[in-house]
Amino acid sequence: MTIDEQEPVRRLKANQIMNSTIAELKAYVEQALVAAFGADLAGTDPMLNPASNPKFGDYQSNVALALAKKLGQPPRAIAEQIVQQLEVSHICEPPTVAGPGFINLELKTSYIEAQLKAIQADPRLGVAPVEQPKRIIVDYPSPNIAKEMHVGHLRPAVIGDCIARMLEFVGHDVLRISHVGDWGTPFGMLIAYLREAYPDALTTTNQLDLGDLSSFYRQAKKRFDEDENFREAARLSVVELQAGDEKTLKAWKIVCQLSSRSYRKIYDLLGISADILERGESFYNPFLPEIVEELDRLGLLVEDNGAQCVFLDGFTNKEGKPLPLIVQKSDGGYNYATTDLAAIRYRVQTDKIQRVIYPVGAEQTNHFTQIFQVGRRAGWITDEVEFIHAPFGLVLGEGGQKLKTRSGEAIRLQELLNEAIARARADLETRLKEEERQETEEFIAHAAEVVGISAVKYADLSQNRTSNYIFSYDKMLALQGNTAPYMLYAYVRVQGISRKGGIDFKQLGADCPIVLQDETELALAKHVLQFDEILSAIDLDLLPNRLCQYLFELSQKFNQFYDRCPVLQADEPLRTSRLVLSNLTAQTIKLGLSLLGIPVLERM
RNA sequence: GCUCCAGUAGCUCAGUGGAUAGAGCAACCGCCUUCUAAGCGGUCGGUCACAGGUUCGAACCCUGUCUGGAGCGCCA
C-alpha cells in the first residue's frame, strides 16, 4: 500500500468551522508571538488547546515549549515574553505561566455570560456554517436486496447516517447514496427458486412480504447447494437477467421494490434519513464495459488466467507475487471491484463530488485501498477529490464472539430492534409500577420505542468507530453511565422544570440577562459554548463518539447544576438566567442527539 | 507467509506529542419535607502488552517481539 491513500484525511485542515473563542485566542497568541519574537514567527501554530485539567483554566498554549530550541531560550522565559505581549483582557483573566512553560488562559465570567446571551435565541446555537462547503457523498449500507437486513447492516446505517447528518448541519452539501446489491448470482438463485416453487408469486406480488422472501432465500440457497440442475437454472436466470429477458426483469423488479419497501420500514424505525438515493449495482451496468476499456486504453490492464486485471502496487499474494484487482472475470462477467470503480468515476465526473465517505467495515480496508489506487492511477481520483474509507469494527456478542443466533445465522435487524424495545418497555413498566404512575398505552409504547432504538444507536456511536464493539442490551439500556437513557433523562429534567413552573422557554426572549454564580453553572455554561469545537473536530476525523462524549459530559454537568442550583425558587435575575441556561442545555442536547439520529422525549 | 487493526483500572471503554493517564459499570460509604434519586457527592482501583529508539517532553511517533482479531485471485 502506498501512503497516499491514507493522506486525505490528515491533510484536511483548511475547511474547519471556526469557533469564535478558540479562533480568536489563537489569533491573539500568534500576534503576541510576532510582537515578542519578530515576523519570522508569523504563521506559527500557537498550539492552543482546551486545558488538560480545569485547574489550569480553560485553554492552554504549549507553544513556548516547542520554541525553546529554535529561539535558544528557556521555555518559561519565552512564555513570559509572549504573555507580556498578549492582549486578551476582554476575553480572559490575566494569562499565567505555569510549570515548564505552559501559558494558561481562563475565560472571564463576563465573557461567558455575554457569549451565552448571544446564542440564546440562535437555532444553530452559535455554530457557524463552514466557509467553504463541499459536495460530499456518504455511502449508505449496501445490503443485498434479495435478503433481509441483519445485524451487519446496523453499524453502516447508524454511523453513516450520523456522519451525513453532522456534515450536513456543518454546512456541507451531502448526497446520501445506497449502492444496493440488486444484481448478480443471488438473484438468479432467487428467481429460479421462485419460478420453481411459487410460479404464482410473480403475478400476485402484493401478498408477498420480505419475510417470505427471506425464507425463500434460505430455501433457494439450500436447493442451490444440493442440486446441480438447480444451480444451472440459477445461472441461466442470471444470464437471462443480464440479457434483459422481460419476464426475468419483471421478477427482478418485483423483488427490488419489495425489499426496498422492507428496508424503508426498518430505516424508519431506526430513524435513518429518508433522503437516500438508491443507486444499485444495476445502475452501473451500462458503464462496466467502458471501465474495462478505459483501463485497457490507459495501459493498466493485464490478462491473467483469462481474467482482466490491474496489478496492484504494494499488494502481494501468498507466493509473494503482485496481486491483481480483477475487473473482468474469465467468464466475461464483472465483479464488485468493477462496479465500485464505475461508481468512483461516475461520482467524480458526473456528480462532481469533492469528497466521498464510505462507512464500511474494517475488513474491507484492502478492497478500498485497492480500488482507490486503481482509481488514482486511472486518473479519476485527483488531488481535488477525497475518497475516504471510514472503517469500523465488528459487532460482537457478550462473549466476544461474532454476534449470531443460536443456529449460527446473522441476527435479523428487526428482531434485534424488537428486543431492545421490549426490554426498554419492561424497564419502563417496572418503574411506573414502583412510582405508582399511570400512563397511557400510547405514551408507554412511544417512550419504549424511543428509548430502545436510541439505546442501540447510541451504544454503537459512543464507541470509537474503528474498534470492535460488544453488543449488550443491559449496558446500552442502563439508566446510568454514558447511555442514551441518561442523556434523554437530562433533557426530560429540563422539560420538567418548564412544566412545573408553567414556563414556555420560547417566551423567554432573546435578551435575558445571564448571571453565572455557582461553579456548577459556570462549568455548564462553558461546556455549552464548546459545542462547535466538537463539531469542527468531527468534520475532520468523522468520529461520532466525540459528540457522544461531549453530550455525556454536558448531561453530567447539567445534573450537577440541577443538584446544586434551584431554578424555579431562585430570586431574579438568577431565576431567569438559570431558566435560559437550562433551556440552552436542553437545546444543545436535542440538537446534538439529532445529529446522532436520536430524538428526544418530553417525559419518560 | 504477507497486509491491516487492536492490546490502557476487575469489566466496557475515552484519551492520535504536553502538566499528577480519565470516565462509566461493578464494590463500598453518604445524600430525597425542596424543579423526576432514571440523580448527586465520596472511597477503592493502573508496570498504558513487552523491549529498545526519537524528543526538552511519549499511552500517543519509529523499530522489534508477544497476544488477540480481520483480510489476502475471479463472492460482495
Side-chain angles (χ1 to χ4, degrees), chain A residues 1 10 47 49 51-53 55-56 60 62 65-66 68-69 74-75 98-102 104 142-144 179 181 184-186 281 304-309 314-321 323-331 333-337 339-340 361-367 369 391 393-394 396 400 402 427-428 431 435 437 451 459 462-464 466-470 472 474-475 478-483 485-486 488-490 492-501 503 520 541 545-546 548-549 552-553 556 559-560 562-570 578 582 603-604:
Chain A
M1 184 199 308
R10 282 170 207 145
M47 298 183 72
N49 293 308
S52 60
N53 187 316
K55 74 181 178 193
F56 301 135
Q60 64 182 58
N62 307 331
L65 297 133
K69 190 168 259 181
F102 299 104
N104 291 338
S142 311
N144 191 296
H179 189 104
T185 322
E281 291 170 354
D304 193 73
N305 288 328
Q308 300 299 324
C309 310
F315 286 90
T316 54
N317 63 16
K318 288 166 190 169
E319 288 84 47
K321 292 175 184 162
L323 192 72
L325 182 73
I326 293 172
V327 294
Q328 187 170 22
K329 300 186 285 183
S330 51
D331 67 2
Y334 303 100
N335 59 18
Y336 74 124
T339 322
D340 280 342
E363 67 274 12
Q364 294 201 44
T365 300
N366 282 348
H367 171 66
T369 311
L394 299 167
L396 303 176
K402 206 166 176 175
D427 283 352
L428 178 60
R431 223 181 54 250
E435 296 172 9
R437 278 169 60 190
V451 170
S462 62
Q463 305 250 328
N464 185 312
T466 55
S467 46
N468 293 346
Y469 102 94
I470 294 181
S472 160
D474 288 338
K475 287 205 165 127
L479 305 167
Q480 53 282 116
N482 189 5
T483 63
Y486 182 89
L488 293 172
Y489 180 59
V492 161
R493 281 186 131 177
V494 178
Q495 306 320 307
I497 295 173
S498 89
R499 265 195 310 279
K500 181 84 175 193
I503 285 156
T520 57
D541 61 27
N545 64 300
R546 287 179 186 275
C548 294
Q549 186 67 30
F552 176 54
E553 285 167 8
Q556 273 184 319
N559 279 326
Q560 288 159 2
Y562 185 88
D563 199 50
R564 286 265 299 263
C565 300
V567 177
L568 294 172
Q569 292 97 322
R578 286 178 176 172
S582 298
R603 288 192 303 131
M604 61 190 282

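Model, not experiment: these values are computed from the prediction. Heavy atoms only: backbone and side chains are in, while hydrogens, waters and symmetry mates are out. Just so it is clear: chains get the letters A, B, ... in the order the sequence lines come, proteins before strands, and each one is counted from 1.
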Quick check: any donor-acceptor pair below 3.5 Å linking the side-chain of A:Asn53 to the base of B:rA21?
no

Using OP1 and OP2 only, check whether a side-chain N or O of A:Ser467 sits under 4.0 Å from B:rA14.
yes

Please test A:Phe56 against A:Phe102 for ring pair (Phe, Tyr, Trp, His ring centres under 6.0 Å), starting from the C-alpha separation and ending with a verdict.
CA-CA 9 Å; A:Phe56 301 135; A:Phe102 299 104; 7.2 Å; no

Could you check whether A:Asn464 gets within reach of a base, just the sugar-phosphate, or nothing at all, counting any heavy atom under 4.0 Å?
sugar-phosphate

What does the 5'-to-3' dot-bracket notation of RNA chain B look like when only Watson-Crick and G-U wobble pairs under 3.5 Å count, and pairs to other strands show as |?
((((((((.[[[[.)..(...]]]].(((((.......))))).....[[[[[..)....]]]]])))))))....

Where each residue is assigned the nucleotide of RNA chain B containing its nearest heavy atom, which of A:Asn49 and A:Leu428 is assigned the position nearer the 5′ end?
A:Asn49

Could you check which of B:rU16, B:rG24, B:rA76 has an atom nearest any side-chain atom of A:Phe552?
B:rG24

When syn is taken as a glycosidic angle within 90 degrees of 0, is B:rC5 syn or anti?
anti

Side chain of A:Arg564, backbone of A:Thr520: donor and acceptor closer than 3.5 Å?
no

Does A:Ser52 make a side-chain donor-acceptor contact with the base of B:rA19, cut-off 3.5 Å?
yes

Mind running side-chain contact (heavy atoms from CB on, under 4.5 Å) on A:Glu281 and A:His179 for me, showing each step along the way?
CA-CA 6 Å; A:Glu281 291 170 354; A:His179 189 104; 3.9 Å; yes

So if I take every side-chain heavy atom of A:Gln463 and compare against B:rA76, B:rU12, B:rG73, which nucleotide ends up nearest?
B:rU12

Considering every strand and a 4.0 Å limit on heavy-atom distances, what is the contact class for A:Leu568: base, sugar-phosphate, or nothing?
base

Side-chain H-bond candidate by donor/acceptor type, A:Asn366 with A:Gln364, under 3.5 Å
no

Report which part of the nucleic acid A:Val492 touches: base, sugar-phosphate, or nothing (heavy-atom distance under 4.0 Å, all strands).
base

Measure from the side-chain heavy atoms of A:Gln60 and tell me the nearest of B:rA19, B:rC74, B:rA70.
B:rA19

Quote, to the nearest angstrom, the C1' distance that separates B:rG46 from B:rC2.
35 Å

Take atom P in B:rA21 and the same atom in B:rA49, then report the distance between them in whole Å.
15 Å

Do A:Thr339 and A:Tyr334 have side-chain heavy atoms sitting under 4.5 Å apart?
no

Check: A:Arg603 and A:Arg499 side chains under 4.5 Å, non-hydrogen atoms:
yes

Closest contact, heavy atoms only, A:Pro485 versus A:Leu479
CB-CD2, 3.9 Å

On a whole-Å scale, what distance lies between the P atoms belonging to B:rC74 and B:rC5?
25 Å

From the options B:rG39, B:rA70, B:rG73, select the nucleotide whose nearest atom is closest to the side chain of A:Asp304.
B:rG73

Can a side chain N or O of A:Gln480 be found less than 4.0 Å away from OP1 or OP2 on B:rG24?
no

Using the salt bridge (charged side-chain N to carboxylate O under 4.0 Å, His left out) rule, take A:Glu435 and A:Arg437 through it: C-alpha gap first, then chi angles, then the decisive distance, then the call.
CA-CA 5 Å; A:Glu435 296 172 9; A:Arg437 278 169 60 190; 3.4 Å; yes

Taking atom C1' in both B:rG64 and B:rU54, what distance in whole Å separates the two?
15 Å

Is the ring of A:Phe102 stacked on the base of B:rA19, with centres less than 5.5 Å apart and planes under 30° off?
yes

Which part of the nucleic acid does A:Gly496 contact within heavy-atom distance under 4.0 Å: base, sugar-phosphate only, or nothing?
sugar-phosphate

Taking any heavy-atom pair under 4.0 Å as a contact, classify A:Ala98: base, sugar-phosphate, or nothing.
base

Is A:Ser462 close to A:Gln549 at the side-chain level, that is, under 4.5 Å between some pair of heavy atoms?
no

Please tell me if A:Tyr486 has a side-chain N or O lying less than 4.0 Å from either OP1 or OP2 of B:rC40.
yes

Proximity to the side chain of A:Asn335 - top-ranked nucleotide from B:rA76, B:rC40, B:rU16
B:rA76

On RNA chain B, more 5' by nearest nucleotide between A:Thr316 and A:Lys329 is A:Thr316

Sugar-phosphate only, base, or nothing, as touched by A:Ala68 at under 4.0 Å among non-hydrogen atoms
nothing

Applying a 4.0 Å non-hydrogen cut-off, can you work out what A:Lys55 is touching in the nucleic acid: base, sugar-phosphate, or nothing?
base

Candidates B:rG73, B:rG69, B:rA76 - which lies nearest the side chain of A:Tyr336
B:rA76

Separation between the P atoms of B:rG15 and B:rU65, rounded to whole Å:
28 Å

Distance-only, no hydrogens or angles: does the A:Asn545 side chain make a donor-acceptor pair with backbone N or O of A:Cys548 under 3.5 Å?
no

If you look at every strand shown and take non-hydrogen atoms under 4.0 Å, does A:Pro324 touch a base, only sugar-phosphate, or nothing?
base

Between B:rG18, B:rC40, B:rG71, which one does the side chain of A:Asn62 approach most closely?
B:rG18

Ignoring the backbone of A:Lys69, work out which of B:rG18, B:rU55, B:rC40 is nearest its side chain.
B:rU55

Is it the case that the base of B:rU3 and the side chain of A:Lys318 share a donor-acceptor contact (distance under 3.5 Å, atom types as modelled)?
no

Side chain of A:Asn559 - closest among B:rC35, B:rG39, B:rA23:
B:rG39

Say you pick atom P in B:rA58 and the same atom in B:rG53; how far apart are they, in whole Å?
12 Å

Quick one: is A:Asn545 getting a side-chain N or O under 4.0 Å of the B:rG15 phosphate, OP1 or OP2?
yes

In whole Å, measure the gap between the C1' atoms of B:rC31 and B:rC48 for me.
35 Å

Of the listed B:rG69, B:rU16, B:rA76, the closest approach to the A:Asn468 side chain comes from B:rG69

